[in-house]
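Proteins get letters first, then strands, A, B, ... in listed order; numbering begins at 1 in each. We use all heavy atoms of the structure for the numbers below, so side chains are in, but hydrogens, waters and symmetry mates are not.
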Protein chains: 2
Amino acid sequence: MTGAVPAATVARLPGYLRALRELDERGEATTSSERLAALAGVGPAQLRRDLSWLRPRGVRGVGYDVALLRERVSQALGAGADLAVVIVGVGHLGHALASHLGGEGSGFRVAALVDADPGVVGTTVAGLPVEDDREVADVVRREGAVLAVLATPVDVAQQVCDRLVAAGVRGILAFTPVALRVPPEVTVRSADVAAELQILAFHTQRQG
Amino acid sequence: MTGAVPAATVARLPGYLRALRELDERGEATTSSERLAALAGVGPAQLRRDLSWLRPRGVRGVGYDVALLRERVSQALGAGADLAVVIVGVGHLGHALASHLGGEGSGFRVAALVDADPGVVGTTVAGLPVEDDREVADVVRREGAVLAVLATPVDVAQQVCDRLVAAGVRGILAFTPVALRVPPEVTVRSADVAAELQILAFHTQRQG
DNA sequence: AGTTGTGAATCGATTCACAGCC
DNA sequence: GGCTGTGAATCGATTCACAACT
């Protein structure tokens, strides 16, 4: 298939990439859709349909070349490119995320930390200086960041979001419980922990 | 409508609940689907269709009663019930999540913290003692927890998950990048930060 | 007059099932 | 013989558009 990759497919690609990494590290050079799908927790038909958008060049009767496929998926996801990410809001969560993502090969580079609290600005967190909120735009441009993590209090989230967008950020991961308004060329994904727990709570009430 | 609420609808309910809370706090007693939808960032038709699963009892020509609707949604999501949540893995992320959820009215009660590291077990984090990993089952049963947050290293995630499920946990929020295997009555939601960033990275590459 | 609730239509995503290829 | 890639079928979710109601 050719054309735009469906959003539902994109959302599963990271899972495939992880599974491929696992196979690669085990030294398995080739894999079947059945095996890979099992590792990723989906059905084989779905996996093949998803991969078909990436021109996978699998071999009928044999399977996929792990290294090649890994490269394809990795490239689609911008992994390995070490894209710059700016973290806005260095409270408990922002701090933890800085360490978490900064740590090892997450595939991303935490380029800068930004906060509004004068007591935090100037300190060093996870090896990086915390910079001033109001200079967010400069920071984004300086680092060439296209991605941002938003971990501020709710009431300033939209304002910070606007500044990020104006500075050229194209994707925002929001830990803040609010529906951010952004222009259509910017993508927002919600990572609201309480909301996720609420969804789980719903499911536990049903079907039990 | 009656019957099982679609998963896609459930995933939007927390957003509606937040919007309703906002209206309620502003003292607005009644609202239209148009207004509520705008606050939640969805279309009015979708909002009405979603709410129809909850028997909303809106009034034609007038709108919805905010307090009543809030109660309906809140109840569906188990919010206000202060469900017990156990956090497993008290590293950077687990620590931050404990503070984040324990803090204010998240609608959940962080009932216990659990870790494998002997250097962490016994310490107090966010006002709670960190308990031993191996007693996870006892802790879950003691607190009557049906929900768990999984923030352990990858390599022990499946094992911990198995113990949680055996102890009666029905919903797991996993920050670990791995496809957990659980029986069908247990729901898992992934909150893998790196994966979320990868998805955003994909979208920034296209269309722009 | 104005807004909900919902059939009907549309759109998108998943699954089936098999032709095509190694 | 075995596995991929994909048309066709199915399933689910969104949107349209309007009848029902206050």
**Prompt:** When we call it a touch if two heavy atoms are under 4.0 Å apart, what does Pro56(A) touch: a base, just sugar-phosphate, or nothing?
**Reply:** sugar-phosphate

**Request:** Find the distance Arg35(B):CZ to dG2(C):C1' and express it as a whole number of Å.
**Result:** 17 Å

**Request:** Mark yes when over 12 heavy atoms from residues, nucleotides or ligands other than Glu34(A) sit less than 6.0 Å from its CD; otherwise mark no.
**Result:** no

**Prompt:** For the pair made of CG in Leu36(A) and C1' in dT4(D), what is the distance, rounded to whole Å?
**Reply:** 13 Å

**Request:** Please state how far atom CH2 in Trp53(A) lies from atom P in dG12(C), giving the value in whole angstrom units.
**Result:** 11 Å

**Request:** Carefully, step by step, assess Phe175(B) and Asp192(B) under the rule side chain to side chain contact (heavy atoms under 4.5 Å, CB included).
**Result:** CA-CA 5 Å; Phe175(B) 285 80; Asp192(B) 178 353; over 6 Å; no

**Message:** So, does Ser33(A) get its side chain near the phosphate of dT4(D), meaning an N or O under 4.0 Å from OP1 or OP2?
**Reply:** yes

**Message:** Does dT14(C) have its OP1 or OP2 closer than 4.0 Å to a side-chain nitrogen or oxygen of Arg12(A)?
**Reply:** yes

**Message:** Rounding to an integer number of Å, can you tell me how far Glu34(A) CD sits from dC16(C) P?
**Reply:** 13 Å

**Prompt:** So, does Ser52(A) use its side chain to make a donor-acceptor pair with the main chain of Arg49(A) at under 3.5 Å?
**Reply:** yes

**Message:** Assuming nearest nucleotide by heavy-atom distance, tell me which of Val62(A) and Ala45(B) is located more 5' along DNA chain C.
**Reply:** Ala45(B)

**Message:** Nearest whole Å is fine: how far is dC3(D) P from Leu51(A) CG?
**Reply:** 16 Å

**Message:** Between Ser32(A) and dC3(D), is there a contact of a side-chain N or O with OP1 or OP2 at under 4.0 Å?
**Reply:** no

**Complete:** Taken to the nearest whole Å, CG/Leu47(B) to C1'/dT6(C) is 14 Å

**Item:** Separation of atom CD in Gln46(B) from atom P in dC11(C), rounded to whole Å
**Value:** 16 Å

**Item:** Gly58(B) or Gly61(A), whichever maps to the more 5' nucleotide of DNA chain C
**Value:** Gly58(B)

**Item:** Heavy-atom donor-acceptor pair, Arg49(A) side-chain to dT6(D) base, under 3.5 Å
**Value:** no

**Request:** Could you tell me the separation between the CG atom of Leu54(A) and the C1' atom of dT4(D), rounded to a whole number of Å?
**Result:** 15 Å

**Prompt:** Can a donor-acceptor pair under 3.5 Å be found between the side-chain atoms of Arg60(A) and the base atoms of dT4(D)?
**Reply:** yes

**Request:** Show your working on side chain to side chain contact (heavy atoms under 4.5 Å, CB included) between Arg109(A) and Leu83(A) and close with a plain yes or no.
**Result:** CA-CA 6 Å; Arg109(A) 180 172 62 87; Leu83(A) 286 176; over 6 Å; no

**Message:** Closest approach to the side chain of Arg48(A), judged atom by atom: which nucleotide of dT14(D), dT6(C), dT4(D) is it?
**Reply:** dT4(D)

**Request:** Determine: side-chain N/O of Arg57(A) to OP1/OP2 of dC3(D), distance under 4.0 Å, yes or no.
**Result:** no

**Item:** Side-chain N or O of Tyr64(B) closer than 4.0 Å to phosphate OP1/OP2 of dG5(C)
**Value:** yes

**Message:** Tell me if a side-chain donor or acceptor on Ser99(A) pairs with a main-chain N or O of Ala126(A) at a distance below 3.5 Å.
**Reply:** no

